[in-house]
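In this text, all values refer to a predicted model and were calculated from it rather than measured experimentally.
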Amino acid sequence: MRAQRRIVHAFLAIAACLLTASCSDFFEDSKTAPKTNGGTVPGGQGGSVSEEFQKPNEGPFSEQRMLINIGVNVLARAADDLHTQVPVLKNSVRQYCEALASGSTALREEKQAQMDWERVMLSFHVLQAAPVGPLMDNGRYLNDYLYSWPYLNTCDIDKKVFENTRSAVSPDALLFNVRGLSAIEYLLFEKSLKSTCNLRANPAMAEWNARTEQQKKLDRCMWAQELVKDMQNKSATLQKNWAMDGGNFTKALIDGSRYSSLKESINALTDALANIEKVKDAKLGKPLARHKDCLEDKCARDVEHIYSGLSLGAVEAQLKGFKAVFTGSFTTQNAYGLDDLLVQSGRGDVAEKMVRAIDQALLSVRAAQEKGSLFEQIEAMNPTLCKSTTMTDRKEEICAVHADIREVAFLLKTEVLAALALRAPPTHQGDND
C-alpha cells in the first residue's frame, strides 16, 4: 500500500507541476541555461547543448559551439591520446626489465621502451600547448606530477632506485620533481649509469655505482616500472576529468560553473595558449642565449630533454597543439576555432597572419630536427651570428627557429588579444620582447 501511495503522490505532483509555470523541481531541461545578460552563459544556441556536444561544428558559428569543439575535439582528445599511450609504455618497460633480468643485453627492448616513452612525452606536450582546467587544477597537480621539467632532482631519483632494490618503495608520497615523465626519461636514457649524488653526502651511492652495467640498468628499469604505474593513474584522472561521461570539463567552459561568461572562458584559453612564451623563453631562448636567464654566450646544458634529445620534437608537438586550439582541429578539416572567432569579429586578417606564423614555425622546427638535437646544434653554432639572426636574416638556422616562435607568441599577445578585446595573460602583462 505504501508503494502504491508513493506512486499516486508522484503522479499527482508531476501533473500539478505540468499545469503550473515550472517543472524545474522534477526535470532538468537541457536547453535551459542562464541568459547572457549579466555575464552568464547561454544554453543551446541553435539546438540543445547535448546536440552541440555531438556535432559542435554543424550549424552557424557561435562562441559556445567553438568552445565545445575545442574542448571535445582538441583538448579532451589530446587527454585521451595521452591515456591511451601510457599502457603501451608500461608494457614495453616491463618487457625491458624482464629481458634484463634474464641476462640479455636487451638492446631491442630498451629501444622500444625509449620509443614508447617518446610517444607518451609528445602526447603530453600537445596538451601543454594549452594547459587549462583539469591539468592545472589543485595547484597544477596533474601537470607537475606528470612532467616536472625543468625541476628534476636526479640525485633523489638515484637514491630511490637504490632503495627500491632493497625493499619495495612506493612513489605515492614522493615530490613531483622525482617522478613523472622527466624522471622516467632520466631512468631510460641517461648513459653514464653513475649517480649524480655527491658521494661524500651520500656514501651509499658509491655501492650502487660499483654495480655492473647490467644490474644498474635493471635497477633503473624496475624503478621506472613503478613510476609508469603512478603515471597511468594520473593520466586516467586527467582523461576522466575531460571525458563527456566523466568530469566533462568542456561543459564547464560553457555552463557558468567555472567562468562567469563565454568571454571569460575564451580568455582562459588564450591565457593557456600563452604557454608558448615558455617555449620561446625557457625551451629555446635560454639555451640559445637569447634570453636574460643565460649569462653566457650559450647555455646548451639547459635544453629540455637533454637525455633523450627530444627537445625539438617537443617544440613541434606544442606548436601542433597550439594550432589545433587556434583552428579547432588537428587536421585540415573545417572546425570552429579561435580563427573563426576572429573572422566573426571582422579580423580575418589577424587569423590568417597567425596561421601563417604557426605554419612557418612548424616548418622551421621540422627542418631543424633533420640537423641533429638541439643540444648538438647549440654547441656547434656561432653565438655572435645567433644574436643577429632574425626571421628574414637566418644567419644561424636554429636561432631563426626561435625567431619564428617568437613571432607566434608576439601575435598572440598583441594582435589576437587586441582584436578579440581580451586581457593579456597575468604572467605576461608588460612583456613586450
Side-chain angles (χ1 to χ4, degrees), residues 74-75 78-79 81-82 85-86 89 113-131 135 140 142-152 176-177 180-190 231 235 238 272-288 290-291 293-294 299-325 330 358-379 397-406 408-409:
V74 178
L75 297 174
D81 182 61
L82 174 68
Q85 297 288 350
V86 174
L89 173 62
Q114 291 174 341
M115 289 172 60
D116 290 337
W117 174 86
E118 289 180 356
R119 292 188 185 97
V120 174
M121 190 70 255
L122 293 175
S123 291
F124 184 80
H125 281 308
V126 170
L127 276 166
Q128 273 206 317
L135 196 61
R140 299 169 50 107
L142 289 177
N143 183 83
D144 292 349
Y145 278 85
L146 284 167
Y147 184 57
S148 64
W149 186 85
Y151 308 105
L152 186 67
F176 70 95
N177 62 351
L181 285 160
S182 294
I184 297 168
E185 175 183 11
Y186 174 72
L187 295 169
L188 293 180
F189 288 89
E190 200 279 327
M231 258 208 68
S235 68
L238 180 64
L273 285 176
N275 203 38
I276 192 71
E277 294 281 343
K278 185 176 180 180
V279 179
K280 171 176 70 76
D281 294 336
K283 299 189 178 192
L284 289 175
K286 183 179 179 182
L288 289 165
R290 291 169 69 98
H291 188 270
D293 286 348
C294 178
C299 292
R301 296 296 305 174
D302 291 317
V303 299
E304 184 182 27
H305 299 310
I306 193 165
Y307 301 110
S308 64
L310 195 63
S311 311
L312 293 171
V315 172
E316 180 185 357
Q318 273 199 245
L319 284 169
K320 286 179 178 177
F322 186 103
K323 184 177 181 180
V325 172
F330 285 105
I358 299 169
D359 286 343
Q360 171 57 40
L362 280 167
L363 187 67
S364 63
V365 77
R366 285 167 182 158
Q369 290 176 71
E370 301 297 321
K371 301 176 182 178
S373 71
L374 178 60
F375 177 85
E376 292 167 342
Q377 292 184 65
I378 293 174
E379 286 287 272
E397 187 58 33
I398 193 62
C399 301
V401 173
H402 174 265
D404 292 334
I405 291 172
R406 181 177 179 175
V408 175

Do E118 and F189 pass the side chain to side chain contact (heavy atoms under 4.5 Å, CB included) test, and can you show the C-alpha distance, the side-chain angles, and the key distance before you say yes or no? CA-CA 11 Å; E118 289 180 356; F189 288 89; 4.2 Å; yes
Without swapping roles, check the side chain of E397 against the backbone of A368 for a donor-acceptor pair under 3.5 Å. no
Supply the atom-to-atom distance N275 CG to F322 CZ, rounded to the nearest 0.5 angstrom. 10.0 Å
If only atom types and distance count, is the side chain of S235 paired as donor or acceptor with the main-chain N or O of L82 below 3.5 Å? no
List the atom of P131, the atom of A272, and the distance in Å for their closest heavy-atom pair. CD-O, 3.4 Å
Point-to-point distance, once rounded to the nearest 0.5 Å, from CD1 of I378 to SG of C294: 9.0 Å
Okay, side chain of W117, backbone of L89: is any donor-acceptor separation there less than 3.5 Å? no
Any chance you could lay out the side chain to side chain contact (heavy atoms under 4.5 Å, CB included) test for L146 and L127, step after step, and finish with the verdict? CA-CA 11 Å; L146 284 167; L127 276 166; over 6 Å; no
Side chains of L288 and V401 in contact at under 4.5 Å (non-hydrogen atoms): no
What distance do H402 atom NE2 and S364 atom OG have between them, rounded to the nearest 0.5 Å? 11.5 Å
Using every non-hydrogen atom in the two residues, find where V126 and A78 come nearest and quote the distance to one decimal. CG1-CB, 4.1 Å
Strictly distance-based, threshold 3.5 Å: is any side-chain N or O of E376 a donor or acceptor partner for the main-chain N or O of S373? yes
Report yes or no: do Q128 and K278 form a side-chain donor-acceptor pair below 3.5 Å? no
Distance-minimising heavy-atom pair for S123 and D81: OG-OD2, 2.6 Å
Run the numbers on M231 and V120 for side chain to side chain contact (heavy atoms under 4.5 Å, CB included), then give the verdict. CA-CA 10 Å; M231 258 208 68; V120 174; 4.0 Å; yes
I'd like to know whether the aromatic ring centres of F124 and H305 sit less than 6.0 Å apart in this structure. no
Taking the side chain as every heavy atom from C-beta outward, state whether Y145 and R140 have any pair of such atoms under 4.5 Å apart. no
Locate the shortest heavy-atom distance separating A79 from L238; write the atom from each residue and the value. CB-CG, 4.2 Å
Taking I276's backbone N and O only, do any of them form a donor-acceptor pair with Q318's side chain (distance below 3.5 Å, no angle check)? no
Between L312 and V365, the two heavy atoms sitting closest are O-CG2, 3.7 Å
Rounded to the nearest 0.5 Å, what separates atom CG in D144 from atom CG in L135? 8.5 Å
Considering only heavy atoms from C-beta outward, does the side chain of K286 approach that of D281 to under 4.5 Å? no
Are the side chain of E185 and the backbone of S308 linked by a donor-acceptor contact shorter than 3.5 Å? yes
Measure across S182 and L152 and return the closest heavy-atom pair with its distance rounded to 0.1 Å. CB-CD1, 3.7 Å
Approximate separation, where rounding is to 0.5 Å, of H125 NE2 and E304 CD: 4.0 Å
Side chain proximity check, I405 to K283, heavy atoms < 4.5 angstrom: no
Going through the checks in order, is the side chain to side chain contact (heavy atoms under 4.5 Å, CB included) test met by L284 and R290? CA-CA 8 Å; L284 289 175; R290 291 169 69 98; over 6 Å; no
Nearest 0.5 Å, please: how far is OH in Y307 from CG in L187? 10.0 Å
Do L362 and E316 make a side-chain contact, defined as non-hydrogen atoms from C-beta onward lying under 4.5 Å apart? yes
